[in-house]
Amino acid sequence: MQKHFEIHDNQTAQSLFGPENANLKVLARRLEIDFATMGNRIALTGEEDALKSAVSILNALSERISAGEDISESDVRGMIEISRKNPAHTLTDMTIKTPRKTIHPRSTGQEDYLRALETSELVFGLGPAGTGKTYLAVAKAVEMKLAGKIERIILTRPAVEAGERLGFLPGDLREKIDPYLRPLYDALYSMLPGEQVTRQLENGEIEIAPLAYMRGRTLYNAFVILDEGQNTTVTQMMMFLTRLGENSRMVVTGDLSQIDLPAHEMSGLKDAVGVLEDTKGSEIVTLTSKDVQRHPLVARIADAYAERDTNIKKNTDM
(Lines give C-alpha, C1' and ligand atoms only; values in the text may rest on other atoms or scores of the structure.)
Protein backbone atom coordinates (compact mmCIF):
# COMPACT_ATOMS: atom_id res chain seq x y z
CA MET A 1 0.00 0.00 0.00
CA GLN A 2 1.16 3.56 -0.66
CA LYS A 3 0.33 6.97 0.79
CA HIS A 4 1.61 10.44 -0.08
CA PHE A 5 2.43 13.31 2.25
CA GLU A 6 3.08 16.80 0.91
CA ILE A 7 4.57 19.86 2.62
CA HIS A 8 3.83 23.22 1.02
CA ASP A 9 6.68 25.15 2.60
CA ASN A 10 10.30 24.45 1.61
CA GLN A 11 11.75 25.36 5.01
CA THR A 12 9.26 23.17 6.86
CA ALA A 13 10.04 20.29 4.51
CA GLN A 14 13.78 20.68 5.07
CA SER A 15 13.35 20.64 8.86
CA LEU A 16 10.92 17.73 8.72
CA PHE A 17 13.14 15.57 6.53
CA GLY A 18 16.26 16.31 8.59
CA PRO A 19 19.88 16.35 7.37
CA GLU A 20 20.19 13.80 4.56
CA ASN A 21 16.64 12.65 5.36
CA ALA A 22 17.73 11.51 8.82
CA ASN A 23 14.28 12.01 10.40
CA LEU A 24 12.54 10.13 7.60
CA LYS A 25 15.04 7.28 7.92
CA VAL A 26 14.21 6.93 11.63
CA LEU A 27 10.50 6.92 10.81
CA ALA A 28 10.93 4.32 8.07
CA ARG A 29 13.16 2.06 10.15
CA ARG A 30 10.96 2.12 13.26
CA LEU A 31 7.65 1.66 11.40
CA GLU A 32 9.10 -0.80 8.86
CA ILE A 33 8.04 1.22 5.83
CA ASP A 34 9.81 2.59 2.77
CA PHE A 35 9.88 6.18 1.59
CA ALA A 36 10.92 8.24 -1.42
CA THR A 37 11.06 12.02 -1.63
CA MET A 38 10.12 14.04 -4.69
CA GLY A 39 10.71 17.69 -3.90
CA ASN A 40 8.45 18.45 -0.92
CA ARG A 41 6.44 15.29 -1.40
CA ILE A 42 6.99 11.97 0.36
CA ALA A 43 5.79 8.65 -1.03
CA LEU A 44 5.33 6.12 1.80
CA THR A 45 5.00 2.39 1.15
CA GLY A 46 4.11 -0.31 3.68
CA GLU A 47 1.36 -1.88 5.77
CA GLU A 48 -1.81 0.19 6.17
CA ASP A 49 -1.56 0.61 9.96
CA ALA A 50 2.09 1.69 9.76
CA LEU A 51 1.28 4.21 7.03
CA LYS A 52 -1.55 5.74 9.08
CA SER A 53 0.86 6.16 11.99
CA ALA A 54 3.49 7.68 9.71
CA VAL A 55 1.07 10.28 8.30
CA SER A 56 -0.19 11.15 11.80
CA ILE A 57 3.39 11.60 13.04
CA LEU A 58 4.42 13.69 10.03
CA ASN A 59 1.40 15.94 10.55
CA ALA A 60 2.20 16.43 14.24
CA LEU A 61 5.88 17.15 13.56
CA SER A 62 4.99 19.59 10.77
CA GLU A 63 2.76 21.51 13.19
CA ARG A 64 5.64 21.79 15.67
CA ILE A 65 7.95 23.12 12.97
CA SER A 66 5.31 25.63 11.82
CA ALA A 67 5.07 26.82 15.45
CA GLY A 68 8.79 27.64 15.34
CA GLU A 69 10.13 24.55 17.11
CA ASP A 70 13.19 22.58 16.10
CA ILE A 71 12.82 18.82 15.82
CA SER A 72 15.42 16.08 15.98
CA GLU A 73 15.65 12.34 15.56
CA SER A 74 14.81 12.04 19.28
CA ASP A 75 11.51 13.83 18.65
CA VAL A 76 10.71 11.41 15.84
CA ARG A 77 11.54 8.38 18.01
CA GLY A 78 9.43 9.77 20.84
CA MET A 79 6.45 10.46 18.60
CA ILE A 80 6.63 6.90 17.23
CA GLU A 81 6.72 5.46 20.76
CA ILE A 82 3.67 7.49 21.82
CA SER A 83 1.76 6.66 18.63
CA ARG A 84 2.13 2.92 19.25
CA LYS A 85 -0.26 3.03 22.21
CA ASN A 86 -2.90 4.91 20.21
CA PRO A 87 -4.70 2.63 17.75
CA ALA A 88 -6.75 5.56 16.43
CA HIS A 89 -3.55 7.22 15.16
CA THR A 90 -4.63 10.58 16.61
CA LEU A 91 -1.80 12.12 18.59
CA THR A 92 -2.77 14.31 21.52
CA ASP A 93 0.27 16.46 22.14
CA MET A 94 0.75 17.19 25.85
CA THR A 95 3.11 20.14 26.14
CA ILE A 96 4.76 22.39 28.68
CA LYS A 97 5.38 25.92 27.45
CA THR A 98 8.26 27.93 28.91
CA PRO A 99 9.77 31.22 27.67
CA ARG A 100 12.70 29.49 25.99
CA LYS A 101 11.12 26.32 24.66
CA THR A 102 8.06 24.14 24.35
CA ILE A 103 8.63 20.74 25.91
CA HIS A 104 6.94 17.58 24.67
CA PRO A 105 6.95 14.07 26.13
CA ARG A 106 9.16 11.77 24.09
CA SER A 107 7.87 8.44 25.36
CA THR A 108 4.73 6.91 26.81
CA GLY A 109 6.38 6.93 30.24
CA GLN A 110 7.08 10.65 30.00
CA GLU A 111 3.50 11.22 28.86
CA ASP A 112 2.21 9.40 31.96
CA TYR A 113 4.60 11.41 34.11
CA LEU A 114 3.40 14.74 32.70
CA ARG A 115 -0.19 13.69 33.32
CA ALA A 116 0.67 12.91 36.94
CA LEU A 117 2.45 16.26 37.36
CA GLU A 118 -0.71 17.97 36.08
CA THR A 119 -3.20 16.18 38.32
CA SER A 120 -1.51 15.05 41.56
CA GLU A 121 -0.31 17.04 44.57
CA LEU A 122 2.51 14.60 45.31
CA VAL A 123 4.35 12.74 42.55
CA PHE A 124 7.21 10.26 42.84
CA GLY A 125 9.19 10.08 39.60
CA LEU A 126 11.40 6.98 39.59
CA GLY A 127 13.84 5.87 36.93
CA PRO A 128 17.39 5.87 35.60
CA ALA A 129 19.40 8.87 34.44
CA GLY A 130 18.25 10.48 31.21
CA THR A 131 14.52 9.72 31.54
CA GLY A 132 13.64 13.39 32.09
CA LYS A 133 12.18 12.94 35.57
CA THR A 134 13.87 16.04 37.02
CA TYR A 135 13.82 18.13 33.84
CA LEU A 136 10.09 17.67 33.30
CA ALA A 137 9.34 18.43 36.95
CA VAL A 138 11.27 21.72 36.73
CA ALA A 139 9.48 22.53 33.47
CA LYS A 140 6.08 21.98 35.10
CA ALA A 141 7.10 24.17 38.04
CA VAL A 142 8.14 26.98 35.68
CA GLU A 143 4.89 26.69 33.71
CA MET A 144 2.72 26.79 36.84
CA LYS A 145 4.58 29.80 38.22
CA LEU A 146 4.24 31.71 34.96
CA ALA A 147 0.50 30.94 35.00
CA GLY A 148 0.21 32.32 38.54
CA LYS A 149 -0.85 28.96 39.99
CA ILE A 150 1.99 28.99 42.52
CA GLU A 151 4.20 31.77 43.88
CA ARG A 152 7.51 30.02 44.46
CA ILE A 153 9.68 27.23 43.13
CA ILE A 154 11.72 25.43 45.77
CA LEU A 155 14.47 23.05 44.68
CA THR A 156 16.30 20.80 47.10
CA ARG A 157 18.64 17.85 47.03
CA PRO A 158 20.36 15.80 49.75
CA ALA A 159 24.08 16.57 49.85
CA VAL A 160 25.08 13.02 50.67
CA GLU A 161 28.73 13.54 49.78
CA ALA A 162 28.98 16.20 52.50
CA GLY A 163 26.79 14.26 54.90
CA GLU A 164 24.40 17.26 55.02
CA ARG A 165 27.11 19.02 57.11
CA LEU A 166 28.05 21.87 54.84
CA GLY A 167 29.57 24.26 57.34
CA PHE A 168 33.17 23.36 56.60
CA LEU A 169 32.83 24.33 52.93
CA PRO A 170 33.85 27.91 51.95
CA GLY A 171 31.32 30.56 50.93
CA ASP A 172 27.69 31.36 51.75
CA LEU A 173 24.82 28.86 51.72
CA ARG A 174 24.27 29.14 47.93
CA GLU A 175 27.97 28.55 47.21
CA LYS A 176 28.08 25.56 49.54
CA ILE A 177 25.11 23.74 48.06
CA ASP A 178 25.40 24.82 44.39
CA PRO A 179 27.59 21.91 43.26
CA TYR A 180 24.93 19.42 44.39
CA LEU A 181 22.10 21.35 42.74
CA ARG A 182 23.78 22.09 39.41
CA PRO A 183 21.42 19.84 37.37
CA LEU A 184 18.47 21.84 38.67
CA TYR A 185 20.15 25.12 37.73
CA ASP A 186 20.88 23.74 34.26
CA ALA A 187 17.19 22.91 33.78
CA LEU A 188 16.09 26.37 34.94
CA TYR A 189 18.49 28.19 32.63
CA SER A 190 17.32 26.11 29.67
CA MET A 191 13.73 27.27 30.22
CA LEU A 192 14.06 30.86 31.49
CA PRO A 193 16.24 33.79 30.40
CA GLY A 194 19.32 34.04 32.61
CA GLU A 195 18.40 37.44 34.03
CA GLN A 196 15.00 36.08 35.14
CA VAL A 197 16.61 33.16 36.95
CA THR A 198 19.09 35.49 38.68
CA ARG A 199 16.40 37.98 39.70
CA GLN A 200 14.03 35.30 41.02
CA LEU A 201 16.83 33.64 42.98
CA GLU A 202 17.63 37.00 44.56
CA ASN A 203 14.04 37.83 45.53
CA GLY A 204 13.17 34.33 46.72
CA GLU A 205 10.67 33.39 44.00
CA ILE A 206 13.06 30.55 43.20
CA GLU A 207 14.77 29.03 46.21
CA ILE A 208 17.69 26.60 46.18
CA ALA A 209 18.27 24.95 49.53
CA PRO A 210 19.81 21.78 50.96
CA LEU A 211 17.35 19.28 52.34
CA ALA A 212 18.54 19.87 55.89
CA TYR A 213 17.22 23.45 55.69
CA MET A 214 13.63 22.29 55.04
CA ARG A 215 13.16 21.22 58.65
CA GLY A 216 10.58 23.19 60.63
CA ARG A 217 9.05 24.92 57.60
CA THR A 218 5.61 24.73 56.01
CA LEU A 219 5.73 25.40 52.28
CA TYR A 220 2.71 27.33 50.98
CA ASN A 221 1.87 28.28 47.36
CA ALA A 222 4.97 26.50 46.13
CA PHE A 223 6.13 23.86 43.69
CA VAL A 224 8.71 21.87 45.62
CA ILE A 225 11.11 19.43 43.95
CA LEU A 226 13.31 17.00 45.87
CA ASP A 227 15.90 15.60 43.47
CA GLU A 228 18.03 12.49 44.12
CA GLY A 229 15.43 11.33 46.65
CA GLN A 230 16.99 7.87 46.86
CA ASN A 231 19.75 9.41 48.97
CA THR A 232 17.45 10.60 51.74
CA THR A 233 17.07 8.66 54.97
CA VAL A 234 13.63 7.57 56.15
CA THR A 235 13.63 10.39 58.72
CA GLN A 236 14.61 13.01 56.14
CA MET A 237 11.91 11.86 53.72
CA MET A 238 9.20 11.98 56.39
CA MET A 239 10.38 15.45 57.37
CA PHE A 240 10.30 16.64 53.76
CA LEU A 241 6.88 15.23 52.86
CA THR A 242 5.26 16.76 55.92
CA ARG A 243 6.37 20.26 54.81
CA LEU A 244 3.56 20.29 52.24
CA GLY A 245 1.39 23.37 52.75
CA GLU A 246 -1.78 24.78 51.22
CA ASN A 247 -1.82 25.20 47.42
CA SER A 248 1.52 23.46 47.00
CA ARG A 249 2.81 20.60 44.86
CA MET A 250 5.65 18.23 45.64
CA VAL A 251 7.69 16.09 43.29
CA VAL A 252 10.29 13.60 44.50
CA THR A 253 12.63 12.19 41.87
CA GLY A 254 15.18 9.44 42.22
CA ASP A 255 16.78 6.26 40.96
CA LEU A 256 16.50 3.34 43.39
CA SER A 257 19.40 1.58 41.67
CA GLN A 258 21.76 4.46 42.55
CA ILE A 259 21.52 4.70 46.36
CA ASP A 260 24.67 6.25 47.86
CA LEU A 261 23.69 5.83 51.51
CA PRO A 262 25.69 3.54 53.82
CA ALA A 263 24.68 -0.10 53.35
CA HIS A 264 22.86 -0.26 56.70
CA GLU A 265 20.75 2.86 55.97
CA MET A 266 17.27 2.44 54.44
CA SER A 267 16.51 4.78 51.53
CA GLY A 268 13.75 7.21 52.41
CA LEU A 269 12.51 7.11 48.83
CA LYS A 270 12.25 3.34 48.77
CA ASP A 271 10.42 3.41 52.10
CA ALA A 272 8.03 6.19 51.03
CA VAL A 273 7.10 4.48 47.77
CA GLY A 274 6.05 1.39 49.72
CA VAL A 275 4.19 3.29 52.44
CA LEU A 276 2.35 5.77 50.16
CA GLU A 277 1.58 3.49 47.22
CA ASP A 278 -2.21 3.68 47.73
CA THR A 279 -2.44 7.13 49.31
CA LYS A 280 -5.02 9.44 47.71
CA GLY A 281 -3.46 12.55 46.16
CA SER A 282 -0.09 10.92 45.51
CA GLU A 283 1.06 9.12 42.38
CA ILE A 284 4.10 6.98 41.59
CA VAL A 285 5.40 6.95 38.01
CA THR A 286 8.19 4.55 37.13
CA LEU A 287 10.24 5.39 34.05
CA THR A 288 12.52 2.81 32.44
CA SER A 289 15.37 2.60 29.97
CA LYS A 290 12.74 2.90 27.21
CA ASP A 291 12.17 6.47 28.40
CA VAL A 292 15.84 7.48 28.28
CA GLN A 293 16.22 10.49 25.98
CA ARG A 294 19.98 10.95 26.04
CA HIS A 295 22.37 9.18 23.68
CA PRO A 296 20.85 5.77 22.74
CA LEU A 297 23.84 4.10 24.41
CA VAL A 298 22.65 5.43 27.80
CA ALA A 299 19.57 3.19 27.62
CA ARG A 300 21.74 0.17 26.83
CA ILE A 301 24.09 1.04 29.72
CA ALA A 302 21.13 1.29 32.11
CA ASP A 303 19.82 -2.09 30.93
CA ALA A 304 23.25 -3.74 31.30
CA TYR A 305 23.63 -2.53 34.90
CA ALA A 306 20.05 -3.52 35.75
CA GLU A 307 20.70 -7.03 34.38
CA ARG A 308 23.93 -7.24 36.38
CA ASP A 309 22.11 -6.24 39.60
CA THR A 310 19.32 -8.74 38.93
CA ASN A 311 21.85 -11.55 38.50
CA ILE A 312 23.67 -10.56 41.69
CA LYS A 313 20.36 -10.62 43.61
CA LYS A 314 19.46 -14.03 42.18
CA ASN A 315 22.85 -15.46 43.19
CA THR A 316 22.55 -13.92 46.67
CA ASP A 317 19.06 -15.37 47.21
CA MET A 318 20.13 -18.87 46.18
Side-chain angles (χ1 to χ4, degrees), residues 1-115 118 130-132 135-136 139-140 142-143 146 190-193 290-299:
M1 186 174 181
Q2 190 172 78
K3 282 185 178 290
H4 291 87
F5 187 86
E6 189 166 359
I7 308 98
H8 299 289
D9 174 73
N10 289 341
Q11 191 169 352
T12 299
Q14 187 176 2
S15 298
L16 181 64
F17 293 0
E20 298 181 354
N21 292 333
N23 294 337
L24 296 181
K25 289 174 183 175
V26 170
L27 189 73
R29 185 169 62 251
R30 293 292 181 98
L31 295 180
E32 298 182 350
I33 61 176
D34 294 315
F35 75 90
T37 59
M38 298 157 283
N40 289 354
R41 196 178 188 196
I42 312 168
L44 303 164
T45 308
E47 297 293 328
E48 182 178 6
D49 244 21
L51 294 181
K52 285 181 180 178
S53 290
V55 170
S56 178
I57 291 164
L58 290 170
N59 272 317
L61 292 172
S62 296
E63 287 176 10
R64 289 190 191 180
I65 294 166
S66 297
E69 297 180 40
D70 296 323
I71 66 165
S72 65
E73 293 177 44
S74 292
D75 293 297
V76 180
R77 286 193 292 267
M79 193 72 82
I80 293 167
E81 172 67 21
I82 291 170
S83 75
R84 282 177 171 159
K85 77 169 187 179
N86 190 342
H89 306 293
T90 53
L91 295 174
T92 56
D93 197 8
M94 297 181 66
T95 60
I96 295 178
K97 294 186 182 295
T98 69
R100 283 198 158 177
K101 60 173 64 176
T102 299
I103 296 154
H104 306 265
R106 290 182 169 180
S107 68
T108 54
Q110 287 192 352
E111 196 174 47
D112 292 341
Y113 187 45
L114 283 185
R115 194 171 289 110
E118 178 67 33
T131 51
Y135 188 82
L136 292 174
K140 191 64 184 177
V142 169
E143 183 186 58
L146 290 171
S190 76
M191 297 167 200
L192 290 169
K290 291 181 180 178
D291 303 298
V292 170
Q293 298 302 318
R294 294 179 182 172
H295 191 286
L297 181 56
V298 175

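These numbers come from a predicted model, not from an experiment. Sequential numbering from 1 along the given sequence is applied to the chain's residues.
Between L51 and G46, the shortest heavy-atom contact is CD1-O, 3.5 Å. Here the closest non-hydrogen pair linking I42 and F35 is CG2-CB, 4.1 Å. Scanning both residues, P105 and I82, for their nearest heavy atoms gives O-CD1, 3.4 Å. Annotation for N23 and S72: closest pair OD1-C, 3.6 Å, computed over non-hydrogen atoms.
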Using the rule given for side-chain contact (heavy atoms from CB on, under 4.5 Å), can you reason through L24 versus L58, listing the C-alpha separation, both sets of side-chain angles and the distance that settles it, and then say yes or no?
CA-CA 9 Å; L24 296 181; L58 290 170; 4.0 Å; yes
Applying side chain to side chain donor-acceptor pair (under 3.5 Å) to S107 and D291, what does each step give before you reach the verdict?
CA-CA 6 Å; S107 68; D291 303 298; 2.5 Å; yes
Given side-chain contact (heavy atoms from CB on, under 4.5 Å), test R41 with H4 step by step and report yes or no.
CA-CA 7 Å; R41 196 178 188 196; H4 291 87; 3.6 Å; yes
Hey, mind stepping through S190 and Y135 against side chain to side chain donor-acceptor pair (under 3.5 Å) and telling me if it holds?
CA-CA 10 Å; S190 76; Y135 188 82; 3.2 Å; yes
Go through it in stages, so that I can follow the logic: the residues are R106 and E81, the test is side-chain contact (heavy atoms from CB on, under 4.5 Å), and I'd like the CA-CA distance, side-chain angles, deciding distance and then a yes or no.
CA-CA 8 Å; R106 290 182 169 180; E81 172 67 21; over 6 Å; no
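The CG atom of L136 sits 10.0 Å away from the CE atom of M94 when rounded to the nearest 0.5 Å. Between the OG1 atom of T98 and the NZ atom of K140 there is a distance of 12.0 Å, given to the nearest 0.5 Å. Taking NE2 of H8 as the reference point, atom OG of S62 lies at 10.0 Å (rounded to 0.5 Å). For the atom pair CG (L61) and CG (D75), the distance works out to 7.0 Å, reported to the nearest 0.5 Å. If you take CD on E143 and CD1 on I103, they are separated by 8.5 Å, rounding to the nearest 0.5 Å. Atoms CD and CD, on E69 and E63 in that order, are 10.5 Å from each other to the nearest 0.5 Å.
The closest side-chain heavy-atom distance from R30 to R77 is below 4.5 Å.
The existence of a salt bridge linking K52 and D49 is excluded, since no basic side-chain nitrogen approaches an acidic carboxylate oxygen closer than 4.0 Å.
Partner of H104 under the side chain to side chain contact (heavy atoms under 4.5 Å, CB included) criterion, chosen from Q110, R64, M79: R64.
Taking a 6.0 Å sphere around CD of E6, one finds it holds more than 12 heavy atoms contributed by other residues, nucleotides or ligands.
When the side-chain contact (heavy atoms from CB on, under 4.5 Å) test is applied to A54, the partners found at least two apart in sequence or on another chain are L27, L31, I33, L44.
S56 contributes no side-chain N or O that, together with a main-chain N or O of S53, makes up a donor-acceptor pair within less than 3.5 Å.
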I'd like a table of donor-acceptor pairs (distance under 3.5 Å, sequence neighbours excluded) in which one partner is a side-chain atom from residues 10-22, with atom names and distances.
| from | atom 1 | to | atom 2 | distance (Å) |
| --- | --- | --- | --- | --- |
| N10 | OD1 | N40 | ND2 | 2.6 |
| T12 | OG1 | D9 | OD2 | 2.8 |
| S15 | OG | Q11 | O | 3.2 |

